[in-house]
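Atom set for the values below is all heavy atoms of this structure, side chains included, hydrogens, waters and symmetry mates excluded.
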There are 2 protein chains.
Amino acid sequence: MDDIQTPGRLVTLTDVAREAGVGESTVSRVLRNHGSYSKRAGERVAEAVARLGYVPNRLAGSLAGQGASARLVGVVIPSLANVVFPDLLRGLTSALDAASIPCVIGVSDYDPDREEALVAALLSWRPAALLLTGLEHTPGTVALAKAGGVRVVEMIDTDGEGIDAVVGFSNRAVGAASARHLVARGYRRIAYLGHDLAVDLRAGKRLAGFEQTLGEAGLTLQAKEIRLGPSSPAAGRAGLEALLARRPDLDAVYFSNDDMALGGYFACLAAGLAVPGRLALFGFNGLDFAAAMPQPLSTVRTPRLEIGRQAAACLTGDGPKTIDLGFELIEGATA
Amino acid sequence: MDDIQTPGRLVTLTDVAREAGVGESTVSRVLRNHGSYSKRAGERVAEAVARLGYVPNRLAGSLAGQGASARLVGVVIPSLANVVFPDLLRGLTSALDAASIPCVIGVSDYDPDREEALVAALLSWRPAALLLTGLEHTPGTVALAKAGGVRVVEMIDTDGEGIDAVVGFSNRAVGAASARHLVARGYRRIAYLGHDLAVDLRAGKRLAGFEQTLGEAGLTLQAKEIRLGPSSPAAGRAGLEALLARRPDLDAVYFSNDDMALGGYFACLAAGLAVPGRLALFGFNGLDFAAAMPQPLSTVRTPRLEIGRQAAACLTGDGPKTIDLGFELIEGATA
DNA sequence: AACCGGATTGGCAGCGCTGCCAAACTGCGA
DNA sequence: TCGCAGTTTGGCAGCGCTGCCAATCCGGTT
């Protein structure tokens, strides 16, 4: 009865077996509820576990188990600063928690090389699956992902070829729908206000779809304002002020996302510009605040949580390779 | 020269050793750059690794290594819906990435029992450290954390006793400072508008500090409006409308956070109430948008990223047990 | 030519667990 | 009483890696 644990030594399955007076295999069977064991054995093991405060070592378990892959998934996202990605994680974890599979996360800061490094690092934990953001990766990332022998799911973007499974929506289509909406409402002198496109490729795809549709309607983008750095209301406000100083005749602005649009709305409020009478505003994402604004923001709601959930669902079973979850245009009152 | 891998079998260190024509130990030494090896050995191993596309198995590495603890940290946060927690993770990952230590995350949904389950699950991966949110945990969580033999850091809140290390600020002090500000500005008929306090204990602590300071100034809270569910601009807007319907004579409202305050601001805009002339608004957190509003929001900026960074710093070395990072009151223009 | 200290190297046990197998046990009919 | 099929059990190899140790190598000495 040596209850005092040496600080460094944690309780092992062998300890539990000795304490319960059964074999190691029996303990293992009981703990995983796998294979058959007597009621008596189950009770003795449960008691011993409680008495010893045993916490299984999943490193060892995963190593020994078949396939040798751990019951955890690796997730690489470009940023945590943009609500979109926490929302994605939210959908993911809500679905994964049920199976008590934790996420190991890596943040790439929109840097493809960093993403590659993170993928290598995450694969070294032998995850059951790898979840990436977007479809654009370095050749090295693709090679690693393919050689890793794990299910790979690319989230958010469906405009292109995926490695394995893809869950998201078409950013091009979002841009196109946004343009159609503005054109239908009679706006003609339209500008774009966005954050850094070189790093946020999906925003670039939306803009491409937007411009193409504008072109098909015989219109051209009147101006394009790109603010360096991440998207934010502050960038949106400053950007809109700069844009209007350059082109006071604009009648509508398409923003790279709702954060930028909120800043634009603030700029209009501060300058006393009527929205949408004097200037129409159109966002992207359908964030919470958009509906609470004095004039609900015209935007496109993206199925962020649902993407996370479906991505989790992809991990088990072999559903379809590409799931397009679509999006919803919210008319709002700003455009 | 059997380059074709059987799908199921991944390249192991032994394969690399054979390919490079050296011993396993040498490969291990080269890969970890630990111990001494010749330049020639280093090159041969590097070539073999590249040729085979070897990705080390950290499950095995951690199991075999001394201490048997994995180079990853477990993080439990209550939610991903509130920007605060992604910000925390942001600070954490930015500091941890340098050491290429990934985070395994668990989301408790503000449920202490769920937190306990997550702690047990995370500990089974033998993380190098465990990061929790707040100071209130079930006895089981505390017992697990203490028995886990890992460094435990509790983030955000310093109002109480921690298990091991604590990094954050005093929520009571935030509430007190906010109250002092409103009182000094001459507001007397002050109300509180918050989200569910039973689950967000830190908001409760702020309110306690707020009410106490109000009392010391001879004032009482005129009304308290609690909206069920998570904080959001929509809840803030609806809440303020309800509050004003009940008590039209209020001259200031203290919000549980900036999201709620933004909703309140929208409500004022929509109702044509002058801010702060007719009604003053005071928030909490100092989010990005607060500074971009037509009238910058009066609020308290919390060091969220810094908490994450300092928490990461706590993991290595034994700094002080409690780090109070303070906060900054932003005067703004809404109170 | 024999010697020496340090740098470099490979073999192998063992981390904690699981999967496999054979042994032991059970109840029941012959 | 014995045998049999099914259930329950424990022993042990081995997952891929690291840490330890002893063996080997190297360059310069005596």
Side-chain angles (χ1 to χ4, degrees), chain A residues 5-6 8-45 48-49 52-71 123-127 148-149, chain B residues 5-6 8-45 48-49 52-72 123-128 148-149:
Chain A
Q5 282 297 318
T6 313
R9 253 267 283 128
L10 264 56
V11 184
T12 71
L13 182 139
T14 310
D15 299 328
V16 176
R18 200 186 312 112
E19 177 80 14
V22 299
E24 301 181 22
S25 332
T26 301
V27 177
S28 177
R29 276 186 290 256
V30 171
L31 290 176
R32 290 176 299 144
N33 192 31
H34 174 274
S36 66
Y37 54 88
S38 63
K39 200 179 155 204
R40 201 180 103 88
E43 285 163 4
R44 300 200 54 148
V45 168
V49 165
L52 262 37
Y54 172 66
V55 176
N57 184 336
R58 279 180 185 268
L59 295 175
S62 300
L63 184 62
Q66 51 194 3
S69 95
R71 284 185 55 84
L123 281 177
S124 72
W125 292 105
R126 296 290 184 267
Chain B
Q5 282 297 318
T6 313
R9 252 268 283 129
L10 265 56
V11 184
T12 71
L13 182 138
T14 309
D15 298 328
V16 175
R18 199 186 312 111
E19 177 81 12
V22 299
E24 300 180 23
S25 332
T26 301
V27 176
S28 178
R29 276 186 289 258
V30 171
L31 290 176
R32 290 176 299 145
N33 193 31
H34 173 273
S36 67
Y37 55 88
S38 64
K39 200 178 156 205
R40 201 181 103 88
E43 284 162 3
R44 299 198 55 147
V45 169
V49 165
L52 263 37
Y54 171 66
V55 175
N57 183 336
R58 280 181 184 268
L59 295 175
S62 300
L63 184 62
Q66 52 193 3
S69 95
R71 284 184 56 82
L72 43 77
L123 281 177
S124 72
W125 294 104
R126 296 290 184 266

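Among C:dC17, D:dC17, D:dT9, the nucleotide with an atom closest to any side-chain atom of A:A41 is D:dT9. Comparing D:dC17, C:dT8, C:dC17 by their nearest atom to the side chain of B:N57 picks out D:dC17. When distances are taken from the side chain of B:L63 to each of C:dC17, C:dT9, C:dC15, the shortest belongs to C:dC15. If you check D:dT9, C:dC17, D:dG16 against the side chain of A:A64, the one that comes closest is C:dC17.
The shortest distance between the side-chain N/O atoms of A:T12 and the OP1/OP2 oxygens of C:dG16 is not below 4.0 Å. Using a 4.0 Å cut-off, some side-chain N or O of B:Y54 falls inside it from OP1 or OP2 of D:dC17. At the phosphate of D:dG16, neither OP1 nor OP2 sits under 4.0 Å from any side-chain N or O atom of B:T14. At least one side-chain nitrogen or oxygen of A:R32 sits closer than 4.0 Å to the OP1 or OP2 atom of C:dT18. Note on B:S36: every side-chain N or O is 4.0 Å or more away from OP1 and OP2 of C:dA7.
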Go through it in stages, so that I can follow the logic: the residues are B:V11 and B:V16, the test is side-chain contact (heavy atoms from CB on, under 4.5 Å), and I'd like the CA-CA distance, side-chain angles, deciding distance and then a yes or no.
CA-CA 8 Å; B:V11 184; B:V16 175; 4.3 Å; yes

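With hydrogens and angles left out, the side chain of A:R126 and the base of D:dG16 share no donor-acceptor pair within 3.5 Å.
The distance from atom CG of A:L13 to atom C1' of C:dC17 is 7 Å, rounded to the nearest whole Å. In this structure, B:H34 atom NE2 and C:dA7 atom C1' are separated by 16 Å, rounded to whole Å. We find that CZ of A:R71 is positioned 16 Å from C1' of C:dC17, with the value rounded to whole Å. The CZ atom of A:R29 sits 8 Å away from the P atom of D:dG10 (whole-angstrom rounding).
B:R44 contributes a side-chain N or O that, together with a main-chain N or O of B:A20, makes up a donor-acceptor pair within less than 3.5 Å.
The OG1 atom of A:T14 sits 13.0 Å away from atom CD of A:E19, with the distance rounded to the nearest 0.5 Å.
Across all strands shown, B:S25 has heavy atoms under 4.0 Å from base atoms, whether or not it also approaches the sugar-phosphate.
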